[in-house]
Amino acid sequence: MPELPEVETARRGIAPSVLGRRLERILVREPRLRWPVSAALPQLAAGQQICDLRRRAKYLIFDLERGSLLLHLGMSGTLRLLPHDIAPVAHDHVDIVLDSGLCLRFNDPRRFGSLLWTAEDPLTHTLLRQLAPEPLDEVFDGAYLTRVAKGRRVAIKQLLMNSRLVVGVGNIYASEALFRAGIRPLRAAGRITHAQFDALAAAIKEVLHEAIRAGGTTLRDFFDPEGLPGYFKQALYVYGRGGEPCRICKKPIRQIVQSGRSTYFCPGCQH
DNA sequence: ATGGGCACCTGGCTGC
DNA sequence: TGCAGCCAGGTGCCCA
């Protein structure tokens, strides 16, 4: 479900309600997530103030006074802000109850999401340590992509979805960024020119910024913490548009499968 | 080192 | 209607 813009939308929606508040308690109704939620986690986190709420790739990091919570939304996870006494519905797995009477409720039908505790610097956690630089940071540019793609035969779309090389770009925005940069998703990464990588890095930043501004992309079940959908779907050029005419050249958008996942591109605009 | 395929889950949609 | 089959926004891990 969520790519970087959707996670960032969640972070911005939640931040005003959680920053500086005390985390009263955590209620785990279903610990069987991607990794089992530690039975000790509620006690480790309870009673502490929430000092910061950060995002690293698609992880949300709740920094408490003595340790951090790492939350990943997986494919189908959402966070909602609710009065704590609202009755839970199906797949409401975790409540983070605040001293304001509000609670942050994590719902995740597929349970690919995760909630972890770390007492160390979260950026050194096993799952975060190896992640590529943030795509919206300055160090992420055409020179960076050229460097990491050097000698690689893997298709550029798959490279964009390798979290050791690029983070935050999932299946929707990989297709969208490649369209904007005019690059075919099947092109071997190592054979793309520096100039094309300049265009691709710029396209990634642009599409992520625009999607964040629109509150993310809602295909089916993404809603922000207030329960509102994202409005970026109408701005998609290729994703989910197989067979429909390209918005630029009118040729039909093609849908192919790479690594078992759908890829969309325009045969007229991308080379 | 690199790359490919599988695994983890539920639900919604399509077509018989 | 019912149901089988396929697809879905992620990513860690095992194997060649």
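Residue numbers begin at 1 in each chain, while the letters A, B, ... track the order of the sequences.
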ask   = Is it true that A/Glu210 and A/Arg213 have a side-chain N and a carboxylate O under 4.0 angstrom from each other?
value = no
task = Using atom CG of A/Leu60 as one end and atom C1' of C/dG10 as the other, report the distance to the nearest whole Å.
result = 14 Å
Length of the CZ-C1' vector between A/Arg153 and B/dG4, whole Å = 15 Å
request  = Using a heavy-atom cut-off of under 4.0 Å over every strand shown, decide if A/Tyr59 touches base, sugar-phosphate, or nothing.
outcome  = sugar-phosphate
key: side-chain N/O A/Tyr239 vs C/dG9 OP1/OP2, d < 4.0 Å   = yes
ask   = Quick one: is A/Gln158 getting a side-chain N or O under 4.0 Å of the B/dG3 phosphate, OP1 or OP2?
value = no
inquiry  = Please confirm whether the shortest side-chain N or O distance from A/His91 to OP1 or OP2 of B/dT10 is below 4.0 Å.
reply    = no
inquiry  = Just the rounded figure in Å: distance from P of C/dG9 to CD of A/Gln255.
reply    = 10 Å
message = Rounded to whole Å, how long is the line connecting atom OH of A/Tyr264 with atom C1' of C/dG9?
response = 11 Å
ask   = Whole Å only: how far is the CE atom of A/Met161 from the P atom of B/dG5?
value = 15 Å
request  = Mark yes when over 12 heavy atoms from residues, nucleotides or ligands other than A/Arg11 sit less than 6.0 Å from its CZ; otherwise mark no.
outcome  = yes
task = Taking atom NZ of A/Lys205 as the centre, report whether more than 12 heavy atoms of other residues, nucleotides or ligands fall under 6.0 Å from it.
result = yes
ask   = Which of the following nucleotides, B/dG4, C/dG12, B/dC9, is nearest to the side chain of A/Arg34?
value = C/dG12
message = Can you confirm whether A/Arg80 sits close enough to A/Leu104 that some side-chain heavy atom of one is under 4.5 Å from a side-chain heavy atom of the other?
response = no
request  = Would you kindly give the CG-to-C1' distance between A/Leu116 and C/dT11, to the nearest whole Å?
outcome  = 13 Å
inquiry  = Check this for me, if you would: do A/Glu65 and A/Arg22 make a salt bridge, where the nitrogen-to-carboxylate-oxygen distance has to be below 4.0 angstrom?
reply    = yes
note = Scanning all shown strands, the Watson-Crick or wobble mate of B/dT10 with both distances under 3.5 Å is C/dA8
task = Measure the distance from CD1 on A/Ile172 to C1' on C/dA8 and round it to the nearest whole Å.
result = 10 Å
request  = Take the protein atom CD of A/Glu30 and the nucleotide atom P of B/dC8, then report the distance between them rounded to whole Å.
outcome  = 16 Å
task = Tell me whether the OP1 or OP2 atom of C/dG12 has a side-chain N or O from A/Ser163 closer than 4.0 Å.
result = yes
ask   = Is any side-chain N or O of A/Ser262 closer than 4.0 Å to OP1 or OP2 of C/dA8?
value = yes
key: Short side-chain N/O contact to B/dA1 OP1/OP2 from A/Arg152, under 4.0 Å   = no
ask   = Between A/Glu176 and A/Arg180, is there a salt bridge with N-O shorter than 4.0 Å?
value = no
side-chain N/O A/Arg261 vs C/dG10 OP1/OP2, d < 4.0 Å = yes
request  = Evaluate whether the aromatic ring of A/Phe112 and the six-membered ring of the B/dC8 base sit under 5.5 Å apart, centre to centre, with an inclination under 30°.
outcome  = yes
query = Out of C/dG10, B/dG4, B/dG11, which has the shortest distance to the side chain of A/Lys58?
reply = C/dG10
message = Tell me whether the side-chain N or O atoms of A/Arg110 pair up with the base of B/dC9 as donor and acceptor below 3.5 Å, since no angle test is needed here.
response = yes
